[in-house]
Number of protein chains: 2
Amino acid sequence: MNTFTELRKLSDTRYTDLIDEAPLETEVRRLAEFFRVLGDPTRVRILSFLAREELCVHDLAALTEMEQSAVSHQLRTLRTHRIVKVRRSGKHALYSLDDNHIDQLTRIGLEHIREIR
Amino acid sequence: MNTFTELRKLSDTRYTDLIDEAPLETEVRRLAEFFRVLGDPTRVRILSFLAREELCVHDLAALTEMEQSAVSHQLRTLRTHRIVKVRRSGKHALYSLDDNHIDQLTRIGLEHIREIR
DNA sequence: GTAATATATGAATAAGTGTTCATATAAACA
DNA sequence: TGTTTATATGAACACTTATTCATATATTAC
């Protein structure tokens with residue numbers, strides 16, 4: 001680990017400014033965790049279907065061609081991070097996007113990956 | 001694995017519509033990979049500093065309190081995904097954000113995590 | 001040339017994660 | 001009641017990944 005006494009390149013005031021302006025460590029961790037949840041192909045596929053319409057676990061398993069258990073595990077992760085929400089209807093658990101940010105993020109993300117290649 | 005012959009819940013036409021409208025598998029993978037790269041606390045911290053100004057590896061190591069080697073490894077990952085760019089100036093490698101999308105994504109991501117708790 | 005500084009990188013390792021399997025819970029229906 | 005269908009979940013395993021250590025490359029200064 002470095003110590004802040006070795007800081008030489010920038011002026012001391014610039015360093016302290018950058019450190020003061022830096023986001024809180026808890027926010028950094030939560031933001032990274034949020035992006036990490038979006039950073040899995042299975043979850044992206046699930047979200048792309050849910051962006052179209054509310055779907056139950058069985059339908060999502062069929063559409064993504066994954067086992068029910070795997071889809072359920074991933075839905076829990078998405079639920080925990082308030083990316084999808086669920087409502088019960090009889091035997092079914094109907095999932096949908098919980099957050100309007102997800103669409104925006106997906107669109108901007110797609111712009112990026114389309115630009116770089 | 002499920003097969004599409006078991007699909008029962010939705011009408012057949014709705015299923016095929018959803019599948020037809022689904023993003024290509026290559027795009028899903030690349031989008032997930034992109035978000036995964038953003039999904040690490042060290043990389044988020046690096047990006048938050050680079051959002052303020054161009055910085056060399058040594059400064060980033062000092063500011064993030066990480067070893068030079070660790071920062072360099074992470075910068076390579078960010079470079080590979082065209083999230084940061086680098087220019088050489090003497091002995092120094094000066095890094096900056098390569099993409100204006102990153103700021104947007106960070107802002108929307110922060111909105112999300114601030115809303116949910 | 002040598003020394004010092006800045007950055008990059010391969011290998012090893014420890015920690016994290018997605019999927020599968022088996023099983024549990026819950027609701028609907030006979 | 002028992003049976004079927006839908007979903008959830010703990011444990012195990014295979015795979016991935018972030019960091020460290022050692023070292024290599026590169027530029028500047030002497």
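Note on naming: letters A, B, ... go to the chains in the order of the sequence lines (proteins, then strands), and numbering restarts at 1 for each one.
Distances from the side chain of Ser72(A) to the nucleotides dC21(C), dT9(D), dT19(D) place dT9(D) closest.
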Between protein and nucleotides 11-16 of chain C, what N or O pairs are separated by less than 3.5 Å?
none

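Panel note: side chain Ser72(A), backbone Ser69(A); no donor-acceptor pair is recorded below 3.5 Å. Looking at Arg43(B), its side chain does come within 3.5 Å of a backbone N or O of Val37(B) through a donor-acceptor pair.
At dT9(C), one or more side-chain N or O atoms of Arg76(B) fall inside 4.0 Å of OP1 or OP2 (strictly under the cut-off). For His58(A), no side-chain nitrogen or oxygen approaches OP1 or OP2 of dT7(D) to under 4.0 Å. Between Tyr95(A) and dA6(D), a side-chain N or O to OP1/OP2 separation shorter than 4.0 Å is absent. An OP1 or OP2 oxygen of dT17(D) is reached within less than 4.0 angstrom by no side-chain nitrogen or oxygen of Gln74(B).
Computed from coordinates, the Glu67(B) CD to dT7(C) C1' distance equals 14 Å when rounded to whole Å. Distance CG (Leu94(B)) to P (dT5(C)): 19 Å, rounded to an integer number of Å. Counting to the nearest Å, the C1' atom of dT16(D) and the CZ atom of Arg29(B) are 16 Å from each other. At whole-Å resolution of the value, CG in Leu60(B) and P in dA8(C) are 11 Å apart. Atom CE in Met66(A) sits about 13 Å away from atom C1' in dT17(C), given to the nearest Å. Look at CG on Leu55(B): it is 14 Å from P on dA6(C), rounded to the nearest Å. Between the C1' atom of dT7(D) and the CG atom of Asp59(A) lies a distance of 13 Å, rounded to the nearest Å.
For the pair Leu50(A) and Leu60(A), the minimum side-chain heavy-atom distance is below 4.5 Å. Side chains of Arg29(A) and Thr26(A) form a contact here, defined as non-hydrogen atoms less than 4.5 Å apart. Put simply, the side chain of Arg30(B) reaches to within 4.5 Å of the side chain of Ile116(A), judged on heavy atoms. A 4.5 Å side-chain heavy-atom check between Asp99(B) and Arg82(B) finds every atom pair outside the cut-off.
Ile19(A) and Val44(B) fall within a single hydrophobic cluster, where Ile, Leu, Val, Met, Phe, Trp and Tyr side chains are chained together by heavy-atom contacts under 4.5 Å.
Ala93(B) comes within 4.0 angstrom of the backbone, heavy atoms only, and of no base.
Ring orientation note: the planes of His101(A) and His112(B) are nearly perpendicular, at an angle over 60° on the 30°/60° scale.
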Protein heavy-atom contacts under 4.0 Å, written 5' to 3' over nucleotides 22-27 of chain D as B (base), S (sugar-phosphate only) or - (none), form the string B----B
Worked check of side chain to side chain contact (heavy atoms under 4.5 Å, CB included) between Val86(B) and Leu75(B): CA-CA 9 Å; Val86(B) 60; Leu75(B) 285 170; over 6 Å; no
Checking Leu38(A) against His81(A) for the side chain to side chain contact (heavy atoms under 4.5 Å, CB included) test, could you report, in this order, the C-alpha distance in whole Å, the side-chain angles of both residues, the deciding distance, and whether it holds? CA-CA 10 Å; Leu38(A) 296 182; His81(A) 291 83; over 6 Å; no
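For the segment residues 38-50 of chain B, the set of residues with a heavy atom within less than 4.0 Å of an atom of DNA chain D comprises Asp40(B), Thr42(B), Arg43(B), in numerical order.
Tyr15(B) and Leu63(A) make their closest contact through CD2-CD2, 3.1 Å (heavy atoms, listed as atom of the first residue, atom of the second, distance). Taking every heavy atom of both residues into account, Ala51(A) and Asp103(A) meet most closely at CB-OD1, 3.9 Å.
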